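Data first, discussion second: the structure below is written as structure tokens.
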Amino acid sequence: MERLERLLAWGGFKKDIVCLALSGIALLISIFDLLPLPFDAAWIAIVLCGVPIVLEALIGLVTAFDIRADVLVSIALIASVIIGENFAAGEVAFIMQLGALLEEMTVARARAGIERLVKLSPQSARVLMEEGERMIPAEEVKVGDILRVLPGESIPVDGVILTGQTSINQAMMTGESLPVDKAAGDEVASGTVNQFGSFDMRATRVGEDSSIQRMIRLVQSADAGKAKIVGLADRWATWIVVIALSAAALTWIFTGQIIRAVTILVVFCPCALVLATPTAIMAAIGNATRHGFLVREGDALERLASVTQVAFDKTGTLTYGKAQVTAVKCMTPRLEEAELYALAASAERRSEHPLGKAVVQGYQSQGKGALLTPERFQMIPGRGVAAKVGARMVLAGNAALLQDNGIILSAAEKEARHYLEEGCTVIYVAVDGEAAGFLALADTLRTDSPDMIGQISKLGIMPVLLTGDHARAAGAIAAQAGITQVHAGCLPEDKLNWIAHSQAQGQPVCMIGDGINDAPALKKADVGIAMGGIGSDIAVDAADIALVDDEIRELPHLLALSKRMMVTIKCNLAFSMALNFLAIALAITGVLNPVVGALVHNAGSVLVIVNSALLLKWRRRR
């Protein structure tokens, strides 16, 4: 059987096209008697298209006793040949294989985005060794290796830039239309393209752990066959085979006309029914892929169509997940706010602390001028930094840093209390031994969040905020985003309990998060969606769907797409069942013969596939 399966798979897509073309020509020769052949030309179609169908049915029956559409088609083919209806047999085989080819094309087109992602995987890497540069296969790079990437090359593994400045095109991984500037200390991801300058980097995640390979593993697991509704259609197909055989036998017994029985077998093939669901699911997966979603299984879209609540984690999901300077307060008349900001940013210029980097990046992004190079820089663990900036001594850190240096903070602390209550982090600044003011930093709301929340609400789905932050910070973000239902101070088990309670009340939940602490909730929810770009590996592995570019503005499209997919599936199933029973009634009464019956039935299969293919470019109207 294994040899037979390999033989049937030989040649692939190209072989199928050639066989279909030859079979089509043979059927034209047969019906119009174009060439004086010693045999009916329809036999060419029977051999090229019909024999593979019969063999596949035989393999399924022998290896797994799998009664599928192929079984009924094979019986119809053999019966047509026995009664001398060679053209009908050839036509059934031809149109069945044509339907299978159209399905394969639909699936191939749906996976086009996945294939583009797979092709991003770099093949080689330039490793720096003592004897010089050496090109090696990308899969041989080890963590800690020093690599050099030249302009125009794809970055082979995840890593950190050691030297050099450049711009990276991250469009295929993050959807960003403009190149992103990178310098020493910045992280780079595999599969992205170095555009301008060369740089050296240290490998941090290689092989299967790299960003591009992680995304590829997700998309390769997309499988429409896992959807529950596909199994239902398969069970229907089994019953239809039994009913068709019974109907054909009874018709032959009561009418005495075997041609009517054969016609019933031809029109009763459940091809359209079996094609109805997987083609719709794969087309929907292809649509979702183009909008930045990697769907791990078709069942996820089926479940997503039924959710009534979408629960969001806050940090990294509704917000950007990194601190930004939101306020600068100067408490001394000797300085302007801009001067205070410049002194603090200059003092933090050599800091490795994430908050210090946020201050520097925030100042530079405003383009207010060049920063001074700090002198006598000192990093004080757990406190902050001290540095001489120009002629001034600057301290920047927490309250303990300034108190350790005998600086009174009463006025600044009172002013900062409001920002602390809203969940901000405060960096106090002292200049020349005197409290000068503070900088407030906070994780800011994504610009797309309010519009996205509004669109979800219009779909009849309730947005909910589940966060571990305290109530004031959660309330501030929820108010900006437009979320009315907020659950703050949640531990991982609290999120699990809330999801379980909602499910017990018949309210299916979709959970969206990015951190390790979200993984249990992502697994528990009816559908889990992880932020694939900034999310942890554990969160991504626990989720059903990954959002590659972290752009949540497309979430309403995904929710609407899942509902549209279910509508398409139900329409396909209803149409295929109605067409089958109508054709049977006409076959029993003798209106349809095997040839016309094959045309009517297989035209239904083609229409089902075309209807599913419309999902590939479907877009929700706002």
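Residue numbers count from 1 along this sequence. The structure presented is a predicted model; accordingly, all values stated were derived computationally and were not measured.
Inspection of the Arg553 and His291 side chains reveals no N or O donor paired with an N or O acceptor under 3.5 Å. With no hydrogens or angles considered, no side-chain donor-acceptor pair links His501 and Asn497 at under 3.5 Å. Under the 3.5 Å distance criterion, with hydrogens and angles disregarded, a donor-acceptor pair is assigned to the side chains of Asp526 and Gln503.
The 12-atom threshold is exceeded at CG of Leu420, counting heavy atoms of other residues, nucleotides or ligands nearer than 6.0 Å. Applying the 6.0 Å contact sphere to CZ of Arg619 captures more than 12 heavy atoms from other residues, nucleotides or ligands. The 12-atom threshold is exceeded at CD of Glu131, counting heavy atoms of other residues, nucleotides or ligands nearer than 6.0 Å. Taking a 6.0 Å sphere around CE of Met462, one finds it holds 12 or fewer heavy atoms contributed by other residues, nucleotides or ligands.
A distance of 3.5 Å separates OG1 in Thr192 from CD1 in Ile155, rounded to the nearest 0.5 Å. For the atom pair Ile477 CD1 and Leu318 CG, the distance stands at 8.0 Å (nearest 0.5 Å). Between the CG atom in Leu301 and the CD1 atom in Ile285 there is a gap of 6.0 Å [rounded to 0.5 Å]. Separating the CD1 atom in Ile552 from the CZ atom in Arg446 is a distance of 5.5 Å, to the nearest 0.5 Å. Atom NZ in Lys458 sits 8.5 Å away from atom CZ in Arg620 (nearest 0.5 Å). How far CD1 of Ile456 is from CG of Leu555: 4.0 Å, rounded to the nearest 0.5 Å.
Pairs passing the salt bridge (Lys or Arg N to Asp or Glu O under 4.0 Å) check and including a residue from residues 147-158, sequence neighbours excluded, read Arg126-Glu153, Glu133-Arg148, Arg148-Asp200, Asp158-Arg205.
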Salt bridge (Lys or Arg N to Asp or Glu O under 4.0 Å) evaluation trace for Arg334 with Asp432: CA-CA 11 Å; Arg334 300 178 186 177; Asp432 293 334; over 6 Å; no
Take Leu466 and Met511 through the side-chain contact (heavy atoms from CB on, under 4.5 Å) test and state the conclusion after the steps. CA-CA 9 Å; Leu466 297 181; Met511 177 69 195; 4.2 Å; yes
Between Met201 and Leu162, does the side-chain contact (heavy atoms from CB on, under 4.5 Å) criterion hold? Intermediate values first, please. CA-CA 5 Å; Met201 60 176 280; Leu162 299 177; 5.6 Å; no
Please walk me through it: do Glu413 and Tyr428 pass side-chain contact (heavy atoms from CB on, under 4.5 Å)? CA-CA 9 Å; Glu413 285 185 311; Tyr428 295 99; 3.7 Å; yes
Candidate pair Val509 and Val307, rule side-chain contact (heavy atoms from CB on, under 4.5 Å), full reasoning: CA-CA 5 Å; Val509 178; Val307 301; over 6 Å; no
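In this structure, the side chains of Lys357 and Glu348 stay at 4.5 Å or more apart for every pair of heavy atoms. Between Phe199 and Lys182, every side-chain heavy-atom pair lies at or beyond the 4.5 Å cut-off. Counting heavy atoms from C-beta on, the side chains of Leu441 and Leu355 come closer than 4.5 Å. Looking at heavy atoms from C-beta onward, Val149 lies in side-chain contact with Pro156 at the 4.5 angstrom threshold. Counting heavy atoms from C-beta outward, Asn194 and Ile168 have side chains that approach closer than 4.5 Å. Using a 4.5 Å heavy-atom threshold, the side chains of Thr373 and Arg349 count as touching. In this structure the side chain of Pro520 never reaches within 4.5 angstrom of the side chain of Lys495, judged on heavy atoms. For the pair Leu445/Pro450, a side-chain contact is recorded, criterion being any heavy-atom separation below 4.5 Å from C-beta on.
With hydrogens and angles disregarded, a donor-acceptor distance shorter than 3.5 Å links the side chain of Ser457 to the backbone of Ile453. Within the 3.5 Å criterion, the main-chain N or O of Thr319 finds no donor-acceptor partner in the side chain of Asp443. Although no hydrogens or angles enter the test, the distance criterion places a donor-acceptor pair under 3.5 Å between the side chain of Ser365 and the main chain of Gln361. In this structure, Thr326 contributes its side chain and Ala440 its backbone to a donor-acceptor pair below 3.5 Å. No donor-acceptor pair closer than 3.5 Å links the side chain of Asn405 to the backbone N or O of Leu402. A donor-acceptor pair under 3.5 Å links the side-chain atoms of Ser562 to the main chain of Leu559, judged by distance alone. At least one donor-acceptor pair closer than 3.5 Å links the side chain of Asn287 to the backbone N or O of Trp618. Using a distance-only test at 3.5 Å, with no hydrogens or angles considered, no donor-acceptor pair links the side chain of Arg134 to the main chain of Leu128. Panel note: side chain Lys524, backbone Leu496; no donor-acceptor pair is recorded below 3.5 Å. Proximity of a side-chain donor or acceptor of Asp145 to a complementary backbone N or O of Lys142 within less than 3.5 Å is detected.
Heavy-atom minimum distance, Asp313 versus Gly513: CB-CA, 4.0 Å. Counting all heavy atoms, side chain and backbone alike, Ile407 lies closest to Ala430 at CD1-CB, 3.4 Å. The heavy-atom pair separating Val157 from Ala203 by the smallest distance is CG2-CB, 3.7 Å. Leu522 and Ile529 get closest at one heavy-atom pair: CD2-O, 3.5 Å. In terms of heavy atoms, Ala412 sits closest to Phe438 at O-CE2, 3.8 Å. Here the closest non-hydrogen pair linking Ala525 and Ile499 is CA-CG2, 3.9 Å.
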Could you list the donor-acceptor pairs under 3.5 angstrom formed by side chains in residues 337-345, with sequence neighbours left out?
residue, atom, partner, partner atom, Å
Glu339, OE1, Glu336, N, 3.0
Tyr341, OH, Tyr363, N, 3.2

